[in-house]
Amino acid sequence: MTSLKWWQTAVFYQIYPRSFADGNDDGIGDFKGITKKLDYLVRLGVDALWLSPHFPSPNWDCGYDISDYCNVAPEYGTLDDFKHFLSEARKRNLRVILDLVLNHTSDEHPWFLESKSSRDNPKADWYVWVDTPPNNWQSCFDGEAWTYVPERKQYYYHYFMKQQPDLNWHNPEVKQAMWDAVRFWLDLGVDGYRLDAIGTIFEDPNLTPHSVPMNLAELRRFSELAKTDEEKKLKDQYWADMFKNQWGQPGIHELMKELRTILDEYEGDRMLVGEDDNIDYIGNGKDELHLVFNFPLMRTEQITPEHIRKNQQERLTQLDKLPVRGWPCNTLGNHDCSRIYTRFGDKLHDAELARLNAALVLTLKGTPFLYNGEEIGMTDYMLTDILQVKDTMGSWYYHTIVTEMGVHPEEALFRTAEMTRDKNRTPMHWSNKPNAGFSPEGVVTWLPINPNYREGINVFEQEQNPSSILNYYKHLLKVRKASPALVEGEYVALQEKEQDYAAFLRRAEKQTVLVILNYTEKRLDLDFSDAKDVKGKNLHTVFTSAVRSPADHTAQKLTVAPFEVFIAEVTP
Ligand code: GLC
């Protein structure tokens with residue numbers, strides 16, 4: 001039906017391996033578990049999987065500190081388990097992309113162990129070494145960005161934790177070694193990579209200090225306490241200023257071009273999606289990344305019709321300006337941020353808003369990325385004990401504010417539970433059995449299970465319940481797949497001043513659909529009889545989240561229920 005590539009028509013589903021499915025009953029997800037759940041993913045209706053890092057790692061940053069790029073973490077299985085998973089995914093027509101962490105390795109990676117052992121070993125220059133800290137740069141996770149190593153009597157640079165030393169990408173041997181790792185998995189048949197934190201790969205060559213009058217912990221605390229608009233504005237300014245010399249520096253585009261050349265050597269349209277929202281990383285539209293995430297869509301306290309329109313207007317205009325038109329990529333959640341259900345809820349209509357926002361991601365133009373668990377309405381889980389914290393940036397913050405700033409441990413725990421990413425990484429709920437069916441009863445899971453699995457937030461119960469959010473996702477995914485307009489159509493905003501609802505067309509050669517997302521609890525009487533492309537036409541319902549008969553409507557008089565998602569084909 002289309003000349004688009006697979007990564008433009010596919011719906012991606014992010015698997016966080018540690019929390020997805022436990023196949024060997026040890027409380028930690030693994031490949032055996034993932035493989036067993038592939039049929040579930042097929043039933044759900046997604047087309048491609050993105051795996052967060054599955055490589056050996058000491059897990060200071062939950063797998064984003066890699067100690068071997070060409071292997072599988074023992075807790076997730078063996079390389080053979082991976083190959084088996086990949087071939088089972090293939091059999092089901094599921095594509096698979098992996099996470100590629102270029103900026104840094106683990107401090108336990110043999111490259112770093114060698115590099116830090118002396119100043120004149122063969123890998124001495126593989127990381128960023130200095131004699132004394134040249135500036136006040138901060139690590140975005142845990143304080144100072146320069147850490148001392150007695151063996152070399154020198155400091156190394158790390159944008160993230162001190163267990164994540166930055167590679168020196170100016171060294172051609174580093175590149176060679178990393179490109180070998182990239183080829184290793186491409187040779188095994190993976191379909192591409194999600195590129196981690198590409199903005200951090202190079203630093204300001206002049207090492208210009210930041211100008212913020214506080215360090216990282218103080219800035220976090222300042223942000224928590226910011227109440228007035230002025231304080232909030234200042235806080236945003238400080239965050240931008242603190243890291244601006246460690247981010248988005250020259251060199252990345254050349255590197256992305258090299259990486260793209262490698263991918264293009266392979267058959268089968270291998271792809272790259274960057275963890276960045278900067279459209280510049282798409283290059284001229286065919287020489288750097290295939291996709292970058294539309295993070296500005298989720299970078300808001302509340303999803304509103306106005307926000308959606310403004311976001312689409314800006315993004316699509318930028319993408320359209322590229323020499324080869326860029327393709328959008330939308331998401332509202334991942335392993336680094338509060339879950340959609342919690343984050344964009346209002347505590348009164350969370351269920352309705354979760355459905356609206358799912359429909360938003362699945363009906364906007366572009367490739368959608370879903371995060372495991374959102375399809376059953378999983379929520380954030382606030383840890384209740386500091387000993388439960390696995391996200392090291394959380395425990396660092398707790399100890400810093402308690403010991404250096406005198407914050408009461410109770411408040412510090414509350415703040416930590418709110419800021420750690422553990423809250424949105426708890427194990428998937430497969431059933432209403434103990435441990436949510438993730439692990440057998442009695443097993444201690446790596447993070448606590450959110451007890452709300454007993455309240456219907458689990459796959460087993462939702463699969464039997466026609467009105468569950470899971471069946472809602474399945475239905476929407478089916479509708480999307482069957483609709484050329486939703487897959488490939490242009491986005492055309494309608495009635496652009498309306499605050500209550502977002503209305504837009506998706507217009508393809510063979511089909512036009514109208515999408516209405518009512519973000520209020522009001523019943524709305526709408527009239528599209530003046531709208532371009534709808535004038536004088538009929539509306540044939542293809543999807544509704546409301547209880548209504550699937551009748552045809554005229555464009556002139558369309559009643560939309562509170563929080564309704566309404567999708568209709570525009571017919572003559
Ligand atoms: C990315 C990952 C995040 C990780 C960081 C450092 O932002 O998504 O989870 O902590 O990079 O690798």
Side-chain angles (χ1 to χ4, degrees), residues 12 14-20 29 50-69 73 97-109 112 127-128 137-143 145 147 156-167 169 178 181 193-203 216 220 239 243 246-248 252 272-278 281 289 291-295 298-299 329 331-339 369-373 380 389-397 419-426 446-447:
F12 279 75
Q14 180 190 356
I15 289 184
Y16 196 66
R18 229 173 174 69
S19 281
F20 189 62
W50 151 32
L51 298 189
S52 276
H54 65 279
F55 315 95
S57 162
N59 279 305
W60 286 93
D61 186 17
C62 214
Y64 283 90
D65 48 325
I66 298 169
S67 54
D68 179 355
Y69 280 78
I97 69 167
L98 303 180
D99 220 308
L100 180 60
V101 184
L102 297 176
N103 177 64
H104 49 270
T105 67
S106 155
D107 64 342
E108 292 182 31
H109 194 295
F112 187 74
Y127 293 81
V128 182
W137 286 358
Q138 299 287 289
S139 131
C140 73
F141 280 167
D142 63 355
T147 290
Y156 64 90
Y157 171 71
H158 50 96
Y159 181 83
F160 295 97
M161 281 167 216
K162 56 176 169 298
Q163 292 85 359
Q164 295 169 292
D166 272 47
L167 283 161
W169 277 92
M178 198 60 97
Y193 290 102
R194 173 264 190 189
L195 298 178
D196 186 67
I198 43 177
T200 62
I201 292 175
F202 292 101
E203 295 74 48
L216 178 81
R220 276 204 185 286
W239 277 104
F243 294 106
Q246 297 164 259
W247 248 95
I252 310 177
L272 298 168
V273 50
E275 190 211 1
D276 206 294
D277 50 71
N278 189 344
Y281 293 128
L289 310 185
L291 297 171
V292 292
F293 288 105
N294 175 10
F295 288 137
M298 63 192 252
R299 213 175 284 137
C329 174
T331 186
L332 287 178
N334 58 47
H335 65 294
D336 286 331
C337 57
S338 171
R339 282 188 172 276
F369 272 68
L370 310 177
Y371 175 51
N372 60 197
D380 286 352
V389 176
K390 290 290 182 314
D391 187 2
T392 320
M393 72 191 266
S395 24
W396 168 79
Y397 183 58
M419 68 81 87
T420 80
R421 300 166 296 175
D422 290 336
K423 66 178 182 301
N424 46 280
R425 294 176 174 177
T426 58
W446 80 280
L447 271 177

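All residue numbers refer to positions in the sequence shown, counting from 1. One-based numbering, in listed order, for ligands and for the atoms of each. All values below were derived from every heavy atom in this structure, side-chain atoms included, with hydrogens, water molecules and symmetry-related copies excluded.
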remark   = Only residue of F160, W396, Y397, Y64 satisfying ring-ring contact (aromatic ring centres under 6.0 Å, His included) with F141 is F160
task = Report the relative orientation of the aromatic rings in W239 and F243; use parallel for angles under 30°, tilted for 30 to 60°, perpendicular for over 60°.
result =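 Plane angle under 30°, so parallel.
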request  = Check the angle between the aromatic planes of Y371 and H335 and answer parallel, tilted or perpendicular using the 30° and 60° thresholds.
outcome  = tilted
Pairs under 3.5 Å, nitrogen or oxygen of ligand 1 with protein nitrogen or oxygen:
from, atom 1, to, atom 2, distance (Å)
ligand 1, 7 (O), E275, OE1, 3.1
ligand 1, 7 (O), E275, OE2, 2.8
ligand 1, 8 (O), R194, NH2, 3.0
ligand 1, 8 (O), H335, NE2, 2.9
ligand 1, 8 (O), D336, OD2, 2.4
ligand 1, 9 (O), H335, NE2, 2.9
ligand 1, 9 (O), D336, OD1, 2.7
ligand 1, 9 (O), D336, OD2, 3.4
ligand 1, 9 (O), R421, NH1, 3.3
ligand 1, 10 (O), D61, OD1, 3.1
ligand 1, 10 (O), D61, OD2, 2.5
ligand 1, 10 (O), R421, NH1, 3.0
ligand 1, 11 (O), D196, OD1, 2.8
ligand 1, 11 (O), D196, OD2, 3.1
ligand 1, 12 (O), H104, NE2, 3.1
ligand 1, 12 (O), D196, OD2, 2.9

query = What residues form a ring pair (Phe, Tyr, Trp, His ring centres under 6.0 Å) with F293, not counting sequence neighbours?
reply = F295, F369
query = Can we say D391 and R421 salt-bridge, meaning some charged N sits less than 4.0 Å from an Asp/Glu carboxylate O?
reply =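 Answer for the salt bridge query: yes.
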message = Quick check on W60: does its CH2 atom have over 12 non-hydrogen neighbours (other residues, nucleotides or ligands) under 6.0 Å away?
response =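 Count not over threshold, so no.
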